[in-house]
Structures are given as structure tokens and as C-alpha cells.
Amino acid sequence: MTARRLESGGRIDRNQKVTFDWDGKALSGFAGDTLASALMANGETVLGRSFKYHRPRGIMSAGVEESGAIVTVGKDTRREPNVKATMQELYDGLTATGQNAWPNVRFDLGAVNGLFSRFFAAGFYYKTFMGLPPFEWGSGTGLWMQYEKLIRRAAGMGTASRAPDPDHYDHAHGFCDVLVVGAGPAGLNAALTAAEAGRDVLLVEQDFELGGDYLNDPAAEPKRAELVTAVRNAGVHILTRTTAFGLYDDGTAGLLEKVTDHLRNPDPSLPRQRFWTVRAGATILATGALERSIAFENNDRPGVMTAAAARVYLNRYGVLPGTRILIATNNDSAYGTAVDLEAAGAQVTVIDSRAEQNAGTSERVSIQYGLAPLEALGRPNITGVELAADTGNGWKPAGKQGCDLLLISGGWSPVVNLSSHRGAKPAWNAEQACFLPGQTKEPIFHAGSAAGIWPREACETSGVAAAQRATGEAFQTIAPGGWARTIKPVYEVRASDRVSKAFVDFQHDVTGDDIRLAHQEGFVSVEHLKRYTTLGMATDQGRMGNVIGLALMADALGKDIPDVGTTRFRPPYTPVAIGALAGRNVAGHFKALRRTPLHDWNLRHGATMTEAGLWHRPWYFAQDGETIDEAYVREAATVRETVGICDVSSLGKIAVQGPDAAEFLNRVYSNGFAKLPVGKARYGIMLRDDGMVMDDGTTWRLGETDFLTTTTTAHAGKVMVWFEELLQTRWPDLKVHVSSVSDHWAGVSIAGPKSREAISAILQDGTDISNEALPFMGVAGVTLKGNIHALIARISFSGERAYELYVPAGFGEAMMDLLWPSAKALGGCLYGMEALGTLRIEKGHVTGAELDGRVTIDDAGLGKMASTKKAFIGSALRQRPELLRQDRPQLIGIFPKDKSQRFKGGSILCAPDGTSGFGDGWITAVTHSPALGHWIGIGYISGGVEAWRGLPVIASDPTRSGDVEVEIVSPHMVDPEGVRVHG
């Protein structure tokens with residue numbers, strides 16, 4: 001292959017020289033080049049190595065179907081493997097290297113695999129390695145496990161960086177009446193027609209220029225420029241460098257826009273790529289067609305490419321890809337390429353597998369009929385071709401012909417992948433020798449060569465017709481085809497007396513013999529064929545070899561191609577970076593992080609924050625030099641001794657209002673709420689329909705028809721959705737309105753023996769919260785100093801006298817500026833989630849760690865709360881015999897037998913002789929108890945406290961801390977009589 005850059009011609013900007021690095025060599029090209037065209041112009045021929053045999057590969061196409069020039073772009077943390085050089089826009093400073101080779105693609109020691117190719121046929125992994133005897137090799141590992149490591153190390157092609165991706169990505173959403181995919185002759189006309197009909201149109205093009213096939217014909221430039229201007233003036237929204245990789249339900253399309261991949265020094269504020277979710281009323285697929293190769297011996301040599309690609313490199317990039325060119329075709333499309341190449345100074349010969357015809361080409365183009373390529377000669381680059389003649393009963397050698405470039409046109413395959421995503425099964429058209437798009441009931445329409453229409457003028461007309469269909473107007477039907485002479489199906493050229501290495505899938509080294517071997521071994525389904533041979537997998541997605549593979553399988557089965565069928569294409573059509581799918585949702589932005597109204601106040605007062613579900617909450621408030629263990633123990637002890645303040649704003653809060661609000665809550669909760677007095681709160685447990693605990697919390701009755709229900713932080717959203725579902729689908733007759741008011745309130749818990757004193761000091765004069773005025777579970781409206789209106793409820797989850805105080809969110813910091821000095825003067829403290837956990841474990845209060853969706857209300861020790869006088873959600877199924885067994889795991893407390901020892905949450909509880917099994921229970925949470933002076937825990941064990949009282953139990957944790965002997969006690973480990981909470 002003796003390619004060279006022409007002195008004139010092409011669409012490149014010769015005034016803007018671009019330098020880039022290829023495998024450590026400094027090369028140059030021009031703005032408007034792709035990496036492939038620039039490498040071709042620089043005489044580079046071997047750009048890659050094949051997956052299995054490490055055969056040398058060059059440029060084989062000019063688009064997304066490329067299977068040879070697959071390279072790694074960038075370096076260090078920005079290294080991206082498996083990039084098709086044909087799709088990489090050239091920019092100044094670009095760095096690219098060959099891959100799947102050592103030391104380089106020009107001399108690769110891995111090519112030794114080719115010498116053993118007879119042993120590497122389809123399925124050789126399974127037949128060779130899985131069949132080996134399972135004797136031991138090395139220390140305790142089977143032979144297969146050793147081979148698996150080697151196989152996995154050899155698998156793949158390029159190697160991505162293992163460092164974090166330094167780039168950022170974005171997500172965007174778009175809406176339009178008509179989405180047009182592809183901006184070639186059909187797509188441009190479709191977009192213009194739809195826009196002129198008053199529709200909102202989005203035009204998507206994966207190339208960096210609009211025009212499609214117009215770009216490859218200098219004579220078509222005036223028409224292209226006119227169309228592009230008209231489309232822009234019509235208000236069409238255009239996205240270039242954007243690929244539609246998938247179609248989904250209800251007109252939804254997934255698009256990937258490459259925003260800065262073509263820039264050397266992009267604006268750091270811009271994302272590298274943008275993932276679009278577009279919802280369209282109608283979709284027009286003007287995605288074009290891909291030119292197929294033909295399977296013949298050594299058809300993968302550098303210097304073999306598709307005929308249309310040569311025309312692209314010549315007319316768009318100003319590169320003459322060869323000087324002595326042989327074009328092999330079975331259809332009319334290659335003759336235009338022959339004329340253009342001959343006019344550019346190449347010596348061109350066409351071999352047509354069909355009978356003699358009047359091709360209408362230049363007299364300087366030699367044409368030979370009834371011939372096809374049998375074998376590509378030369379290594380590594382092509383130097384000639386052995387020809388074959390069609391005898392009517394197979395192929396036979398018919399001489400040799402020298403050349404430095406062999407162009408193949410084996411027919412065209414419309415890009416039907418996207419409509420296949422919607423279940424439209426492609427239909428075989430024998431006259432055009434290709435699969436045409438199948439029928440769909442959705443508003444998806446094909447235009448141009450994507451519909452099997454070949455002449456440019458007919459493609460333009462079909463684009464107009466597709467837009468008319470999409471907008472509900474009358475349209476002209478355009479039949480597939482359009483060539484002067486019918487294509488002659490040629491999929492493989494093979495002499496019956498010769499062993500041939502004819503490649504069907506270049507990327508995966510799948511040969512025609514692999515297809516026949518799959519048939520011999522019983523793989524007759526196309527889906528099995530694909531997986532057994534790897535035909536059409538990975539980034540190829542069947543673009544080049546799918547039709548050939550199906551044809552060879554049909555021949556082996558003695559069937560027609562449509563009887564064999566085709567694999568169903570699935571999204572994505574082209575690879576999508578995981579970073580693009582993630583968008584901004586990485587690292588600290590992986591999930592939405594909510595902050596309470598007191599967030600900044602907490603930080604100013606020394607809080608160390610932690611993530612709790614969707615919330616950022618105070619973890620602990622360390623004093624100078626304190627560790628977390630020291631801080632939370634001090635905080636918990638202070639609450640028990642004086643008073644502590646904890647931010648509980650993240651608790652779920654739902655306003656339940658309406659004439660039937662009490663009845664609604666009575667049906668939802670297991671205990672009674674219908675007669676809850678105004679000014680009172682009640683702790684409640686709600687169950688799922690299956691009788692398992694769903695959530696717990698308190699409900700405050702603020703008026704006859706007005707309730708405030710609190711939930712756990714983690715289940716706030718879940719409970720809100722549950723309430724809405726019940727009211728909309730199960731009890732639509734109830735007159736109830738529910739509204740999430742979690743963000744409306746700033747809330748704190750004030751707990752400890754001196755909590756009443758701390759609060760009283762900040763109330764307006766005359767407000768009484770004495771034990772008589774506000775007893776346990778009482779609720780009242782109060783006014784704080786500064787005329788701040790608040791709600792107060794006497795509720796405790798710590799076992800101490802405690803209150804929850806809520807003010808509107810905007811007054812949260814003002815409340816704390818009053819409350820904290822008052823508590824501090826009493827020797828109080830601020831406390832976080834770690835101390836909060838300690839207090840509730842000491843008291844035996846359950847949280848999400850215990851109510852994990854697999855326990856009943858009886859398991860949690862709260863069965864007496866369940867009403868026996870009413871029905872409630874889950875009331876029937878909680879009575880199933882399995883849920884009433886006495887030996888079910890029940891809530892318990894845990895002490896270490898040796899009070900100096902520590903055990904860990906997650907440990908398994910079991911009898912001393914049962915450590916090898918699944919155990920009898922588990923520990924859900926542990927803490928060091930300042931009230932008891934040693935480590936304690938809470939969890940579950942079969943049969944509960946009475947079944948294990950006085951018996952030895954092991955907390956087994958072999959992966960972390962080994963075994964610790966423990967004793968089972970009541971979960972209410974501090975003040976079990978509840979004296980303090982009522983004080």
C-alpha cells in the first residue's frame with residue numbers, strides 16, 4: 001500500500017497543520033483529518049494486531065465499522081483503549097499508540113499465536129482447558145485455575161488506565177417532535193422537511209461535519225452547503241460528534257455527545273462527553289449502510305479495505321490510498337470509486353464477479369468479469385492477489401495480479417441496529433442481498449440507504465417522505481434498490497481443494513472454517529453461533545461480518561438466509577464510556593447529599609460530619625485532642641448526667657390531614673390511633689402486607705384532623721410513597737391529604753436529667769413545660785424567646801427525660817443560638833450519631849439496623865403493641881404459623897463474659913460447638929457503654945433471652961476478631977423500669 005497525500009483536493013484545511021504522536025514518532029496532518037487518514041498519508045500501514053492470532057492489521061474502512069485500525073489514544077490517566085482510528089478526529093498534540101502487541105504493532109512477538117492457529121479454532125478455550133484433568137498444580141489450586149489466570153491476562157485488546165478518570169461528564173435531557181439520526185442526503189432532507197412543517201427537530205450526526213456521502217463527492221458540495229444552511233435557518237437543533245447508541249421505550253433515545261475529545265486544551269468547565277436522554281414524538285433513522293467485505297484467504301492483510309473507504313480518503317481527506325489498485329465487486333457501487341481513483345492518477349483494475357456489462361466507467365479503468373479474489377498475497381502488506389473464476393459450481397484459481405491496494409465491495413448492509421433495539425426484526429431482501437429494517441408499531445421511520453435505497457437522488461426523496469410520514473402528511477413510497485444491475489451475492493471465495501484462512505469477523509479472528517465448525521458441533525442457532533465463535537461481539541456488533549456469517553451458516557445447514565435468522569442487536573450500538581453513563585454522579589456527587597437547616601451551625605461548633613443515607617449529619621463533636629471513641633463516650637455520659645442536644649432534622653416528617661386522617665393512621669399502624677387525644681404523641685409500628693416490620697416512628701395529633709407523623713431518616717421517602725399509594729389505590733374513599741414536610745422543620749432532641757431546665761430557660765415568659773403541663777408523650781405549641789414559634793413533644797429514644805423541639809427551618813440557627821448557651825451553662829454537650837447510637841443501644845431501642853425487613857413486630861419485642869381489636873396492614877399475615885414460632889430470632893442484649901473484651905457488630909451468635917454453622921443469631925449493633933463501663937451489643941438470637949439465659953454463647957467473627965464469649969441479657973440494659981423517662 002503506497003498511500004500519499006495529494007497536493008490538492010479534499011476538505012482538510014491545508015493552512016492548519018497539526019502535529020501528533022504515533023507510537024513515539026512525531027507525525028503531522030491537517031485540521032479536518034481523522035487519525036486514520038493522517039496515518040495513511042504518512043505511510044503507516046500496520047496499525048493494529050488482531051485479537052486472537054495477533055495478525056497485522058491496517059486501515060480497513062473509513063467509519064464505525066473499522067476492525068483493523070483499533071488503537072489507544074491518550075496517555076497516563078487519560079489513556080483510552082480500543083478507539084477506532086477512523087472515528088478519532090485529529091487534533092494538535094494527539095498521542096496514539098498501537099495495542100494488543102509487544103513490543104509494538106510492527107513487530108509483535110504475540111504473532112507466534114498464528115503458527116498454532118489450527119489449535120485455536122472456535123471454542124478452543126472450553127475444549128482445551130476445561131477438559132484438563134482436575135489434578136492439583138501448585139499450592140491447593142486446580143490446573144484450570146492456573147490457566148484461567150493466563151487466559152484472562154491475554155484477553156482483551158487495549159489496556160485502560162487504572163487511575164481515577166480525571167475528566168468529568170454531564171447528563172442532559174432533550175425533547176423534540178422529530179429526532180433525525182444521521183445528517184447525510186436523506187437525513188438533511190428529512191430534518192428540513194419536518195422543520196418546514198412547523199415541527200421542533202433535533203438532528204444528530206456522529207461525524208464532525210454534516211453531509212454524509214455528500215462529503216465524499218466534490219461535485220456535491222454546493223448542494224450540501226445549501227442544504228446545511230437551509231436546515232440551520234429552519235431552526236433545526238443540531239448535535240454533531242453525537243452518536244445515537246440506543247432506542248428505548250416511548251420514543252426515548254440515548255445519545256453520546258463528544259464535547260471536547262477533539263480539543264488539545266479544552267475549557268476545564270466543559271465536560272469531556274455529554275450523555276443525552278432525548279424524548280421524541282417520532283424518530284427518523286437516516287443512519288446509512290455499511291459496505292461489506294468478502295471472505296477469502298488473507299483478506300485481513302494491510303492493504304485490503306472497502307471500496308467506499310478509498311473514495312472517502314481520496315475525496316474528503318486528499319489521500320490517494322494506493323497507486324496500483326484492484327477493485328473487487330459484486331455490485332454497481334464500486335464503479336464510481338474506480339473512476340475517482342483513476343482520475344487522481346492511480347492505475348485501476350476492476351474485477352466484477354458478475355457477467356459482462358456496460359459499466360460506463362473511464363476507458364482507462366480495466367474491467368474483468370466473472371472474477372473474485374481468492375487470496376491476498378504479500379506479508380505484511382499486500383503485493384498482489386490470486387484471482388478465482390466462477391465455474392457455476394464453485395471457484396477455481398484464475399491467475400494472479402499485482403497491486404498495492406485491494407478494494408472490496410461485497411454489498412451493503414443497512415444500519416438497522418437502532419430499530420432492532422425496539423424489537424423490529426430485520427427482514428431479508430434477496431434482491432438487494434441484505435437485511436432491511438423490520439416493521440414496528442412505533443413512530444420510527446427509515447430513510448436513505450438505511451432503508452436499502454442506493455442512488456443519492458432517491459435517498460434525498462426518501463428523506464422527504466420519511467419526514468412527511470413522521471408529521472402525518474401524504475408521502476411518496478420509495479422502493480429499495482436503485483442500481484442498474486442486480487447484485488450477485490458473494491460471501492466467500494474458496495477453492496474446494498485448499499485450506500483457507502478467510503476472515504468473517506476481523507476484530508475477533510473468526511474465520512469461515514469457525515462458522516462451519518460451529519455447525520458441525522451442533523450450534524445451529526444464530527445466538528449460539530455468535531457466542532461460540534464470538535462473531536459480531538464487543539465493539540464490532542456484527543457490522544462487518546454478521547451477514548457473511550449468517551450466509552455461511554445457512555449454506556452449512558442447507559437453508560436460505562432468512563430461515564437462519566439474525567441475532568437481535570442490543571444497545572449500545574457503539575461503546576459508551578462508563579464515565580458518561582455516571583455523569584456527575586461520582587465521588588462526592590455519587591448520590592444527592594442533603595443538609596439539615598443546622599448543617600452550617602453544627603460545623604461552626606466543631607461537628608465532624610458523616611453520611612447517613614441521603615443526609616449529612618453530625619457524627620461526633622470532638623474536644624481538643626479527642627478521638628471519636630473518646631468523644632462519643634463523653635457525649636453519651638454527659639446526656640445521662642446532665643443534658644445533650646442532637647440535630648434530628650433529618651427524620652422524616654409527613655403531614656397527614658383531613659377528616660379521615662385518624663382512620664387512615666389507624667389502618668396503617670399496628671397499634672391504635674383513632675382515639676389519640678389532641679396534644680398527644682404515640683409511638684407506632686407499621687407493617688408491610690406480609691406481616692414484616694416496615695418502619696417505626698411517632699405521630700403527633702396537633703388537631704382533630706391534623707397529624708404530624710415522623711419516620712426514620714432512611715425510610716422517609718419509602719413511607720411517603722407508601723402513604724400515597726394506599727390513598728390512591730387501596731383507600732381512595734378516605735378524605736386524607738399527605739404531604740412531606742421534612743424540609744419545613746429544623747428539629748433537635750434535648751435529652752438528659754436537665755433537659756427541662758435547658759428548654760425552660762429559652763421559652764417566652766409564662767410557658768409551662770412541667771411534668772404536669774407536658775407529661776411523657778405530650779405535644780404542645782410553644783414560643784421561644786425572640787417570638788419564635790415552635791412545636792415541642794416529650795419523646796425519648798435514649799431512656800432519659802427528653803424532648804423534641806421543632807421550629808420552621810429558617811429559624812433553626814436562631815433556636816440553637818438560644819438553646820446551646822442554656823444547655824452549656826448546665827454542663828451539657830452537643831452530641832452526634834455515634835453517641836445517639838450508644839444511648840439507644842443501652843436502652844434497647846430498635847432502628848433500621850434491627851428493623852431490616854426480615855423481622856416481625858414480635859421478633860423486635862414489640863408484639864404487645866399490636867392491636868387485637870382492629871385490622872391493620874399486615875395483621876393477617878403476621879399470624880402465619882411460621883412467624884409465630886417460639887424459636888424465631890428475638891431481640892436481645894449482649895454483654896461480654898469478660899467485661900474487658902470487645903466484640904463487633906455483624907458477628908454470628910452461636911453455641912460453643914456451633915461456630916462452623918450459620919449460628920443461632922447475629923449482632924446488629926455494638927457500642928462501649930459509659931453507663932455500664934464495658935462493651936454491649938444488641939441483636940437477635942433464636943428463642944430470645946429466656947432460651948439462652950445463663951448459657952454460654954460465642955460471638956463468632958473469624959474474618960476480623962475471632963471468637964468472644966458473651967452472655968445474653970435483656971435488650972433494655974439501662975433503666976429497664978423506665979423511671980427516668982417519666983421524671
Side-chain angles (χ1 to χ4, degrees), residues 20-25 27 34-36 39 44 46-60 64 66-91 93-114 120 125 129 145-169 245 256 258 260-262 264 272-273 300 302 380 505-510 534 536-541 572 574-582 586:
F20 66 101
D21 184 282
W22 166 249
D23 261 351
K25 294 191 297 183
L27 302 175
T34 62
L35 176 60
L39 289 172
E44 297 290 334
V46 179
L47 306 184
R49 290 280 170 167
S50 67
F51 173 69
K52 188 161 58 175
Y53 301 136
H54 286 246
R55 290 169 67 93
R57 294 283 164 80
I59 298 170
M60 310 183 84
V64 294
E66 180 59 34
S67 294
I70 301 178
V71 303
T72 295
V73 171
K75 58 184 178 180
D76 300 329
T77 58
R78 286 188 165 85
R79 185 171 73 247
E80 181 180 2
N82 302 326
V83 174
K84 297 176 187 289
T86 52
M87 298 301 295
Q88 175 60 56
E89 190 174 347
L90 194 69
Y91 61 86
L94 172 67
T95 298
T97 58
Q99 59 184 35
N100 197 40
W102 189 84
N104 56 60
V105 291
R106 292 171 294 284
F107 178 74
D108 176 22
L109 293 179
V112 70
N113 286 4
F120 294 160
Y125 292 107
F129 298 106
M145 298 303 293
Q146 296 296 329
Y147 274 119
E148 183 184 24
K149 295 177 183 178
L150 299 176
I151 293 169
R152 291 190 180 279
R153 191 176 302 165
M157 297 181 70
T159 303
S161 170
R162 291 184 177 272
D165 190 344
D167 295 307
H168 61 278
Y169 304 81
F245 62 79
L256 183 68
K258 295 184 177 180
T260 61
D261 279 354
H262 61 292
R264 179 176 186 174
R272 178 186 173 191
Q273 296 174 356
D300 64 329
D505 182 328
F506 301 108
Q507 187 173 137
H508 300 100
D509 283 335
V510 180
T534 67
M537 297 182 75
T539 63
D540 179 71
Q541 288 293 296
T574 56
V576 180
I578 294 176
L581 295 176
V586 296

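Keep in mind that this is a model prediction, so the values were computed, not measured.
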### Task
Tell me, please, which residues at least two apart from Asp509 pass salt bridge (charged side-chain N to carboxylate O under 4.0 Å, His left out).
Arg57
### Task
With sequence neighbours excluded, tell me which residues meet side-chain contact (heavy atoms from CB on, under 4.5 Å) with Pro575.
Thr539
### side-chain contact (heavy atoms from CB on, under 4.5 Å) involving Pro164 - partner list, sequence neighbours excluded
none
### Task
State plainly whether the residues Glu89 and Lys258 are in salt-bridge range, i.e. N to O under 4.0 Å.
no
### Query
Who are the side chain to side chain donor-acceptor pair (under 3.5 Å) partners of Tyr169, not counting sequence neighbours?
Asp165, Arg272
#### Entry: Student check: side-chain heavy atoms of Arg79 and Thr159 closer than 4.5 Å
yes
### Message
I'd like to check Val71 versus Gln88 (side-chain heavy atoms, cut-off strictly below 4.5 Å). Are they in contact?
### Response
no
### Query
Would a distance-only check, ignoring hydrogens and angles, find a side-chain to backbone donor-acceptor pair under 3.5 Å from His54 to Asn100?
yes
#### Entry: Any residue meeting side chain to side chain donor-acceptor pair (under 3.5 Å) with Thr574, in chain and number order, not counting sequence neighbours
none
### Task
Evaluate the side-chain proximity of Glu66 to Met60: yes if any heavy-atom separation is below 4.5 Å, no if none is.
yes
### Any residue meeting side chain to side chain donor-acceptor pair (under 3.5 Å) with Thr86, in chain and number order, not counting sequence neighbours
none
### Task
Indicate the atoms forming the closest heavy-atom contact of Pro302 with Pro56, along with that distance.
CD-O, 3.6 Å
### Message
Could you work out, with side-chain contact (heavy atoms from CB on, under 4.5 Å) as the rule, every residue matching Leu581, not counting sequence neighbours?
### Response
Phe275, Val576
### Task
Identify the two heavy atoms, one from Ser161 and one from Asp76, that lie closest to each other, and give their separation to 0.1 Å.
CB-O, 3.4 Å
### Query
With a 4.0 Å cut-off, would you call Asp21 and Lys75 a salt bridge?
no
### Message
Within this structure, what is the CZ-CD1 distance for the pair Phe51 and Ile70, rounded to the nearest 0.5 Å?
### Response
11.5 Å
### Message
Looking at every heavy atom in both Trp22 and Val46, which two are closest together, and how far apart are they?
### Response
CZ2-O, 4.4 Å
#### Entry: Under the side-chain contact (heavy atoms from CB on, under 4.5 Å) test, residues paired with Ala582 that sit two or more places apart
Val586
### Query
CG of Leu47 to CD1 of Ile59: how many Å apart, nearest 0.5 Å?
5.0 Å
### Atom pair CZ (Arg49) and CG (Asn104), whose distance is rounded to the nearest 0.5 Å
8.0 Å
### Query
Between CZ of Phe245 and CG of Leu256, what distance do you get to the nearest 0.5 Å?
6.5 Å
### Query
Taking atom CZ of Phe20 and atom NZ of Lys25, what is their separation to the nearest 0.5 Å?
9.5 Å
### Task
Give the minimum heavy-atom separation between Ala96 and Leu35, together with the two atoms involved.
CB-CD2, 3.7 Å
### Query
Got a second to check how far Asp23's CG is from Gln99's CD, nearest 0.5 Å?
10.5 Å
#### Entry: Asn82, Val83, Thr95, Asp261 screened by side chain to side chain contact (heavy atoms under 4.5 Å, CB included) with Val73, the one that passes
Val83
